[in-house]
2 protein chains.
Amino acid sequence: MTAQLQRGLGVALWRQIADGIRAGIANGLADETGRLPPEAGLAERFGVNRHTVRAAIAALAHEGVLESQQGRGTYVRRRQRLIYPIGERTRFSAGLGDQARDTRSDMIGSAKEQATAWVAAALGLETGRDVIRLESLGRADGIPVSRSTSWFAADRFEGIAELFARTGSVTAALAGFGISDYRRTSTSIEARHAEEADTRELQLAPGAIVIVTRAVNGDLSGAPVQCSVTRFAADRVELRVEAATPGPDGSSAG
Amino acid sequence: MTAQLQRGLGVALWRQIADGIRAGIANGLADETGRLPPEAGLAERFGVNRHTVRAAIAALAHEGVLESQQGRGTYVRRRQRLIYPIGERTRFSAGLGDQARDTRSDMIGSAKEQATAWVAAALGLETGRDVIRLESLGRADGIPVSRSTSWFAADRFEGIAELFARTGSVTAALAGFGISDYRRTSTSIEARHAEEADTRELQLAPGAIVIVTRAVNGDLSGAPVQCSVTRFAADRVELRVEAATPGPDGSSAG
DNA sequence: TCGCATTTGTGCGTATGTATA
DNA sequence: ATATACATACGCACAAATGCG
């Protein structure tokens, strides 16, 4: 049970302890009231000086995980993760549903640019063709949870940025181009440390984790319509892969 | 495109650069021959001293990712992340397929224990009923990529640990109990920092990221058979959600 | 074989960050 | 707050191996 700390691995002891405390919280380290053991006890448990434990607690407090009160102790701020469904018919607002009072996706930028190799391959275009890029930020009850970048073929979806900005919904924007339904044809998932842009847009602490999904959406005939890269704040969401569900016309993909 | 390094957050620059190089390898950092840019170039790109880049390369060489040759350059030993499919018919070895010469899953422990609330709910049992827990380690070409914990109802699958240890396959072990096919009924995905057990079993550096999947598998009638928690080394794999595929009998889930 | 550019390997001095007492 | 030890990062210089004309 005693975590093994090591020096000289490029990760400071206080950060290893911070990770250890964060892991321990999910494992009954704090008592029923959310109170952590006193610093002296943690220092002994991890085999380090109390100063080092204090540095770890300060980092977690800065991340919003812990809250120290002089004379009372250190308490865990509990926050439940949102469950974000990944399926053939994934939609941002519909997916989060009743988990939050207010879910919204705001456009924070758009541009016309030339398709990179990945975008071109996903949309079935030649590299360098014009595409429209949309940047949006998903929030639940005002807290940023995801940052999404989408690409559309420019010749087919001229003006989609304005439509998305007005409606705040990819589904509604696509409906304006006669696309009544679309399906996710592929999704890849990876996780990495937050980059500077992630920490800024998603209001993350440095060193936080983001889950990155790369998806391609196609219309009912299977032709690619949109591709996207979405970065989720890993400490605020959990992805859930769902079985296929019937579409609005009652059909079901095989 | 330029990775943003941050000082003073408890993670050494050389370790951040090591992570950056590892991520960059999957993104065309190395040329066709697998050769990395020279140390001086990397140092300029990351905005650090060459010594610092050398520390990062040394760490990656120690992990088996890179190999330096004096006077020639630094070469990548393994080009990209493994792609691990998540679908209704996910299997460890079959999924990784031809991405590695040797994929295997070794049992590293087993125990009979009482079902926790989560396990009981997943398997459709009462909390506290006997279950069998299997711990296994998945490797590709000898490198650990995943650590999996599975639970089975003890009364129905008595002796499954021995069968799994001998065959190294959950599919084969279940076949021994008359279960010819099974489907993944649900999967949740989250990402967190590696705990001590993760760093030990998966040979990760402290502060590394693990992707955690929780899955329930059921037989063809939909009854739960097995549930599992799998931890993937986030810098070695990428998950991919796949569309439903027909089973060996030609059926397709709706 | 030689010379040369390129690239990795090594040594030293110094400043700052981390951890202990 | 101070002192001490070690890890990290930088800057400069030079040695050693490789490849090429």
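Quick note on labels: first sequence line is chain A, next is B, and so on, each numbered from 1.
- Atom-to-atom, CG of B:N49 to P of C:dT14 comes out at 16 Å; the value is rounded to the nearest Å.
- Put simply, CZ on B:R50 is 11 Å from P on C:dT10, counting in whole angstrom units.
- Remark: P of C:dC12 and CZ of B:R54 are 15 Å apart, rounded to the nearest angstrom.
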Next on the checklist: Go through it in stages, so that I can follow the logic: the residues are A:D141 and A:R104, the test is salt bridge (Lys or Arg N to Asp or Glu O under 4.0 Å), and I'd like the CA-CA distance, side-chain angles, deciding distance and then a yes or no.
Outcome noted: CA-CA 8 Å; A:D141 291 336; A:R104 55 186 301 168; over 6 Å; no
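- B:R72 has no side-chain polar atom (N or O) that falls below the 4.0 Å cut-off from OP1 or OP2 of C:dT8.
- Atom P of nucleotide C:dG17 and atom CD of B:Q16 are separated by 15 Å, given to the nearest angstrom.
- When the nearest nucleotides of DNA chain D are assigned to B:H51 and B:Q70 by heavy-atom distance, the more 5′-ward of the two goes with B:H51.
- Distance, A:W14 CH2 to D:dA7 P: 18 Å, rounded to whole Å.
- D:dC10 atom P lies 14 Å from atom CG of B:L42, rounded to whole Å.
- Look at CD on B:E39: it is 7 Å from C1' on C:dT7, rounded to the nearest Å.
- The interatomic distance linking B:L13 (CG) with D:dA9 (C1') rounds to 7 Å, in whole Å.
- No side-chain donor-acceptor contact under 3.5 Å links A:N49 to the backbone of A:T52.
- Residue B:T74 has a polar side-chain atom (N or O) positioned under 4.0 Å from OP1 or OP2 of C:dT8.
- Looking only at distances, no side-chain donor or acceptor of B:E201 sits under 3.5 Å from a matching main-chain atom of B:L137.
- In this structure, the nucleotide among D:dC10, C:dA19, C:dT7 sitting nearest to the side chain of B:R35 is C:dT7.
- Ring pair B:W151/B:W118 is perpendicular by interplanar angle, where above 60° counts as perpendicular and below 30° as parallel.
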